[in-house]
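What's counted below: heavy atoms across the whole structure, side chains too, no hydrogens, waters or symmetry copies. Position 1 is the first residue of the sequence; numbering continues from there.
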Amino acid sequence: ITPEAQEVCDSVDNDCDGALEVASNDLDADGQTICAGDCNDGDATIFDGATELYDGKDNDCNGDIDEGIILDVGTASVVFDGQDRVDQAGHGVAGVGDVDGDGLDDVLIGAPGAEDNGRAYLFLGSSLAGQSQLSVAAADAIFHGAAHGENAGEVVASAGDVDGDTLDDLLISAPDQNSGPGYFGGGVYLMLGSTIVAGLQATPPVSLFELASADLLFQNAAANDQVGLSIAPAGDVDGDGRDDLLIGARGVDAPGATSTQDDTGAAYLVLGSTVVNHLAVPGNDVFSLANADATFLGENPGDQAGFSVGG
């Protein structure tokens with residue numbers, strides 16, 4: 001015990017300043033001090049042994065955040081109902097940023113069984129205020145698959161702002177799309193925010209968008225690639241101010257593979273600048289992933305690299 005000593009949790013005035021260490025005080029009045037195990041004495045909901053809450057905090061001081069929390073879907077703020085029992089509405093869901101530029105984030109819901117071809121439904125944030133239950137038929141924009149059985153909407157995601165116009169863009173997968181080489185190649189549609197806004201602001205407004213007329217279709221490079229079972233925005237990988245894209249294709253075979261079921265798998269990176277340059281040529285509405293800016297190939301047969309991707 002000296003004036004130069006460091007205070008420790010021993011209920012002694014180690015540094016002779018006339019006060020016990022702050023750690024021995026219960027600053028947040030939760031009944032526990034830092035010395036007794038409170039890992040955050042500035043928040044009364046956090047202390048050793050507290051009940052874990054769904055709040056993004058480690059309430060019980062065990063090193064894990066929100067562990068073991070089970071939420072009752074009955075408490076959801078808004079419930080989105082499919083139209084038909086085979087729709088599979090909600091098979092793909094994503095927050096997709098601010099598509100229409102009103103400062104509110106928007107929601108995209110995939111229904112790969114809807115209307116034979118599959119659909120995706122966009123709800124603008126402005127349409128959700130005060131709502132508790134909505135049918136997907138009430139979506140602000142509906143994206144209809146291009147071909148029977150292609151399962152458009154199986155996976156949906158934000159694309160970020162690919163073209164740099166400040167509006168967020170959309171990715172809608174169709175893993176059974178067969179317009180490319182061979183069967184079961186798959187594909188991913190890109191819908192630009194500007195295209196969607198132009199339709200919604202048209203006279204009369206357009207709410208049904210045909211994915212056959214999407215801004216761009218990312219197409220498989222070979223049969224059985226299974227493109228689009230995973231898609232994600234990659235952020236701005238190259239620092240040019242445009243967001244980039246990741247597309248998984250877990251069925252890709254390694255070069256020289258003797259089996260068409262090699263399934264080494266791959267993930268493709270497509271830069272926003274590449275998309276913009278491609279779209280600058282009139283009629284360029286299909287992009288082969290054989291021309292992706294980077295291809296990340298699995299190491300061994302059966303790896304199914306690209307099964308999941310994320311930015």
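- Taking the six-membered ring for Trp and thresholds of 30 and 60 degrees, F123 and F80 have ring planes inclined between 30 and 60 degrees apart.
- To the nearest 0.5 Å, atom CG of residue D244 and atom CG of residue L269 are 6.0 Å apart.
- Side chain of D161 to backbone of T166: a donor-acceptor contact under 3.5 angstrom is found.
- Across G180 and N220, no two heavy atoms sit closer than the pair CA-OD1, 3.4 Å.
- Nearest heavy-atom pair, S179 versus L217, reported as atom, atom and distance to 0.1 Å: OG-CD2, 3.6 Å.
- Shortest non-hydrogen contact noted between V156 and A120 is CG1-CB, 4.2 Å.
- A donor-acceptor pair under 3.5 Å is absent between the side-chain atoms of D263 and the main chain of Q304, judged by distance alone.
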Handout entry: Pair D81-Q133, side chain to side chain donor-acceptor pair (under 3.5 Å): steps then yes or no
Key = CA-CA 7 Å; D81 294 317; Q133 189 160 11; 2.6 Å; yes
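- No donor-acceptor distance shorter than 3.5 angstrom exists from the side chain of D303 to the backbone of A305, with no hydrogens or angles considered.
- Both L208 and V136 are members of a single hydrophobic cluster when ILVMFWY side chains are connected at heavy-atom separations under 4.5 Å.
- Electrostatic pairing of K57 and D43 counts as a salt bridge here, judged by a charged N lying under 4.0 Å from a carboxylate O.
- Scanning both residues, V96 and L108, for their nearest heavy atoms gives CG1-CB, 3.6 Å.
- Residues L200 and L170 fall within the same hydrophobic cluster, defined by Ile, Leu, Val, Met, Phe, Trp and Tyr side chains chained together at heavy-atom separations under 4.5 Å.
- Using modelled atom types, no side-chain atom of D60 and backbone atom of E52 make a donor-acceptor pair closer than 3.5 Å.
- More than 12 heavy atoms of other shown residues, nucleotides or ligands fall within 6.0 angstrom of atom CZ in F296.
- In this structure a side-chain-to-backbone donor-acceptor pair under 3.5 Å is present from D293 to L271.
- Of the N and O atoms on the side chains of E67 and N62, at least one donor lies less than 3.5 Å from an acceptor on the other residue.
- The ring-ring contact (aromatic ring centres under 6.0 Å, His included) test applied to Y268 returns no partner, not counting sequence neighbours.
- Q219 approaches P181 most closely through the heavy-atom pair OE1-CD, 4.5 Å.
- Interatomic distance, OG of S194 versus CG of L167, reported as 6.5 Å (0.5 Å rounding).
- The side chain to side chain contact (heavy atoms under 4.5 Å, CB included) check on N277 picks up nothing, with sequence neighbours excluded.
- Put simply, V93 and V188 are part of two different groups of oily side chains (I, L, V, M, F, W, Y) that touch within less than 4.5 Å, one to the next.
- Atom OG of S126 sits about 6.0 Å away from atom CG of D140, to the nearest 0.5 Å.
- Looking at residues two or more places apart in sequence or on another chain, you find a side chain to side chain contact (heavy atoms under 4.5 Å, CB included) between D30 and D26, D28, Q32, D38, D41, A44, F47.
- Side-chain atoms of N59 come within 3.5 Å of backbone N or O of T45 as a donor-acceptor pair.
- In this structure, E115 CD and D87 CG are separated by 7.0 Å, a value rounded to the nearest 0.5 Å.
- Looking at heavy atoms from C-beta onward, Y189 lies out of side-chain contact with D285 at the 4.5 angstrom threshold.
- The hydrophobic clustering, which links ILVMFWY residues whose side-chain heavy atoms are closer than 4.5 Å, places L190 and L289 together.
- The CG atom of L246 sits 10.0 Å away from atom OG of S308, with the distance rounded to the nearest 0.5 Å.
- Among all heavy-atom pairs drawn from A157 and A94, the shortest one is CA-CB, 3.9 Å.
- A donor atom on one side chain and an acceptor atom on the other are not found under 3.5 Å apart for D168 and S158.
- There is no side-chain donor-acceptor pair under 3.5 Å between Q83 and S135.
- To the nearest 0.5 Å, atom CG of residue L211 and atom CG of residue N117 are 9.0 Å apart.
- Note on L171 and M191: separate hydrophobic clusters, where clusters join Ile, Leu, Val, Met, Phe, Trp and Tyr whose side-chain heavy atoms are under 4.5 Å apart, directly or indirectly.
- A donor-acceptor pair is defined here as one N or O able to donate and one able to accept, closer than 3.5 Å; no such pair exists between the side chain of E154 and the backbone of A174.
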